[in-house]
Amino acid sequence: MPELPEVETVRRTLIEGGLVGLSIVSVTVAHPDAVHWPDPARFAREVTGRRFVDVRRRGKFLLFDLDGRTLACHLRMTGRLWLSATTEPELSHTHVVCALSDGRELRFRDVRRFGGFTLLEPDGGMAPSLLARLGPEPDEVSAAAFAAALQRHRRSPVKALLLDQAVVAGLGNIYADEALHRAGVHPARTCGSVSKQEQKVLRSAMRALVRDALRHRGTTFLDFRDGAGEPGAFQAFLRVYGREGLPCRHCGTPIAKRRIAGRGTHFCPRCQPEGE
DNA sequence: CCAGCAGCCTGTGCGC
DNA sequence: TGCGCACAGGCTGCTG
């Protein structure tokens with residue numbers, strides 16, 4: 001599940017791989033689901049011939065600046081985007097292939113077909129629905145904004161707040177669980193019950209977590225791969241996610257798993273007491 | 001206004 | 001061995 005650290009790792013590896021400066025020679029859309037806007041034919045027409053000027057990221061969106069237009073890509077659950085030699089056999093579920101001016105290809109593969117591309121309008125017309133609703137990045141959340149969000153959603157479980165992209169952009173299920181464990185806050189506690197001190201700890205836990213995950217090039221839990229096709233290494237450092245029944249790395253208590261905010265949620269019953 | 005959930009989709013892994 | 005089903009989850013849009 002690509003979240004901020006994984007998407008940022010894809011961004012960096014695409015840049016390291018030399019994508020910037022290359023042009024799109026041709027585009028093949030094998031499955032229309034992978035192009036969210038506009039229709040595949042117009043999509044191919046609009047991006048063909050353009051040159052990659054920069055690759056940016058906002059939350060979990062990759063943003064390809066293509067001299068004059070910006071192409072957004074969201075990997076959702078199982079999306080992969082990588083630079084490939086033309087001679088590499090095409091993996092199943094490869095939905096979009098961009099042939100590049102140096103003879104390589106930028107390939108997009110997505111087994112569950114949730115992810116895909118959106119071509120943003122030059123005047124920002126398409127952007128508001130996608131990007132304008134995103135909150136600050138985890139390392140840019142101010143204490144005041146965080147406190148206000150907790151107050152606004154005071155009856156919701158704090159886990160739901162961390163998953164809300166309008167509050168913090170980039171966290172997903174894995175890193176929400178990890179941040180709450182680092183902060184010692186139970187995921188089911190209501191936002192209204194989180195003390196000022198806990199807010200401070202939670203904010204710095206988010207920052208440290210994202211920094212650590214980036215250093216290890218993201219988490220490969222099932223099948224994440226970066227822009228060069230390589231897996232991440234942060235899964236070895238996860239403290240709760242995917243560790244149900246295993247001892248808490250801090251206190252040894254078996255990690256619990258429960259459905260909270262509609263998501264499978266992992267926590268340590270001892271380090272993260274529910275009644276606080 | 002806001003919390004909660006169905007639906008989208010396919011591969012995996014379980015129970016029978 | 002094979003079948004059916006629950007589950008995984010980011011995000012939108014609907015409902016209560």
Side-chain angles (χ1 to χ4, degrees), chain A residues 1-10 29-37 57-63 72-81 91-96 108-118 120 126-135 137-138 148-180 187-194 206 210 213 218-225 232 235 238 240-245 255-267:
Chain A
M1 302 124 244
E3 306 178 24
L4 189 158
E6 290 76 37
V7 177
E8 176 64 16
T9 300
V10 172
V29 179
H31 202 301
D33 281 4
V35 177
H36 297 160
W37 197 89
R57 181 193 56 76
R58 181 73 178 89
K60 299 175 198 169
F61 285 93
L62 273 171
L63 301 173
C73 180
H74 201 303
L75 303 174
R76 297 279 188 116
M77 305 294 306
T78 51
R80 274 199 215 173
L81 199 55
L91 294 172
S92 58
H93 307 288
T94 298
H95 304 316
V96 178
F108 176 74
R109 165 182 207 244
D110 190 357
V111 171
R112 287 184 211 173
R113 282 196 266 130
F114 281 11
F117 294 91
T118 302
L120 304 184
M126 198 62 198
S129 57
L130 272 188
L131 305 178
R133 279 184 290 197
L134 293 179
E137 301 281 318
L150 285 156
Q151 171 62 19
R152 201 163 56 245
H153 299 276
R154 70 190 85 88
R155 298 170 62 86
S156 293
V158 62
K159 162 125 186 204
L161 192 87
L162 296 189
L163 292 174
D164 186 342
Q165 301 300 297
V167 174
V168 188
L171 298 188
N173 203 41
I174 296 175
Y175 294 111
D177 284 1
E178 293 296 315
L180 288 165
R189 283 180 48 199
T190 61
C191 293
S193 78
V194 178
M206 288 191 294
V210 168
T219 300
T220 295
F221 196 75
L222 289 175
D223 62 354
F224 164 72
R225 293 293 185 277
Q235 60 277 7
L238 295 177
V240 286
Y241 187 87
R243 299 193 68 247
E244 182 185 14
I255 298 301
K257 183 179 181 186
R258 206 210 293 177
R259 202 161 185 85
I260 296 169
R263 296 282 173 260
T265 301
H266 313 71
F267 58 95

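Here is the naming used below: chain letters follow the sequence lines, and residue numbers restart at 1 for every chain.
- Straight-line distance from the CG atom of Leu4(A) to the C1' atom of dG9(C): 17 Å, rounded to whole Å.
- Summary of the strand contacts: His31(A) and Arg152(A) both lie near DNA chain B, and taking for each the nucleotide with the nearest heavy atom, the more 5' one is attributed to Arg152(A).
- Scanning for ring-ring contact (aromatic ring centres under 6.0 Å, His included) contacts around Tyr241(A) gives Phe221(A), His266(A), with sequence neighbours left out.
- Residues Ala176(A) and Leu163(A) come closest through the heavy atom pair CB-CD2, 3.9 Å.
- In this structure, CZ of Phe221(A) is placed 11 Å from P of dA8(C), rounded to the nearest angstrom.
- Contact annotation: Gln165(A) side-chain N/O to dC11(C) OP1/OP2 distance is under 4.0 Å.
- As a whole-Å value, the separation of Arg154(A) CZ from dC1(B) C1' is 11 Å.
- Rounded to an integer number of Å, the gap from Asn173(A) CG to dC7(C) C1' is 13 Å.
- Atom CD1 of Ile174(A) and atom P of dG9(C) are 8 Å apart (whole Å).
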Report, one pair per line, the protein and nucleotides 13-16 of chain C atoms (nitrogen or oxygen only) whose separation is under 3.5 Å.
none

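- The side-chain contact (heavy atoms from CB on, under 4.5 Å) check on Arg80(A) picks up Trp82(A), Leu91(A), Arg109(A), Asp223(A), Arg225(A), with sequence neighbours excluded.
- For Phe61(A) and dG10(C), the CZ to C1' distance is 10 Å, given to the nearest whole Å.
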**Study point:** Evaluation steps, side-chain contact (heavy atoms from CB on, under 4.5 Å), between Met206(A) and Leu162(A)
**Key:** CA-CA 9 Å; Met206(A) 288 191 294; Leu162(A) 296 189; 4.0 Å; yes
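- The CG atom of Leu130(A) sits 12.0 Å away from atom CZ of Arg58(A), with the distance rounded to the nearest 0.5 Å.
- In this structure, Tyr241(A) reaches the dG9(C) phosphate: one of its side-chain N or O atoms is under 4.0 Å from OP1 or OP2.
- Between Asp164(A) atom CG and dG10(C) atom P the separation is 13 Å, expressed in whole Å.
- For Val35(A), the side-chain contact (heavy atoms from CB on, under 4.5 Å) partners at least two apart in sequence or on another chain are Val29(A), Phe43(A), Val96(A).
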Which pairs, protein N/O on one side and nucleotides 4-8 of chain B N/O on the other, fall under 3.5 Å?
none

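- Close to dC2(B), at under 4.0 Å from its OP1 or OP2, lies no side-chain N or O of His153(A).
- In this structure, the side chain of Lys159(A) does not engage the main chain of Arg189(A) through any donor-acceptor pair within 3.5 Å.
- Contact check for Thr118(A) versus Phe61(A): no side-chain heavy atoms found under the 4.5 Å cut-off.
- The distance between atom CG of Leu161(A) and atom C1' of dG10(C), rounded to the nearest whole Å, is 16 Å.
- Remark: Arg57(A) pairs with Leu4(A), Val7(A), Glu8(A), Arg11(A), Glu137(A) by the side-chain contact (heavy atoms from CB on, under 4.5 Å) rule, at least two apart or across chains.
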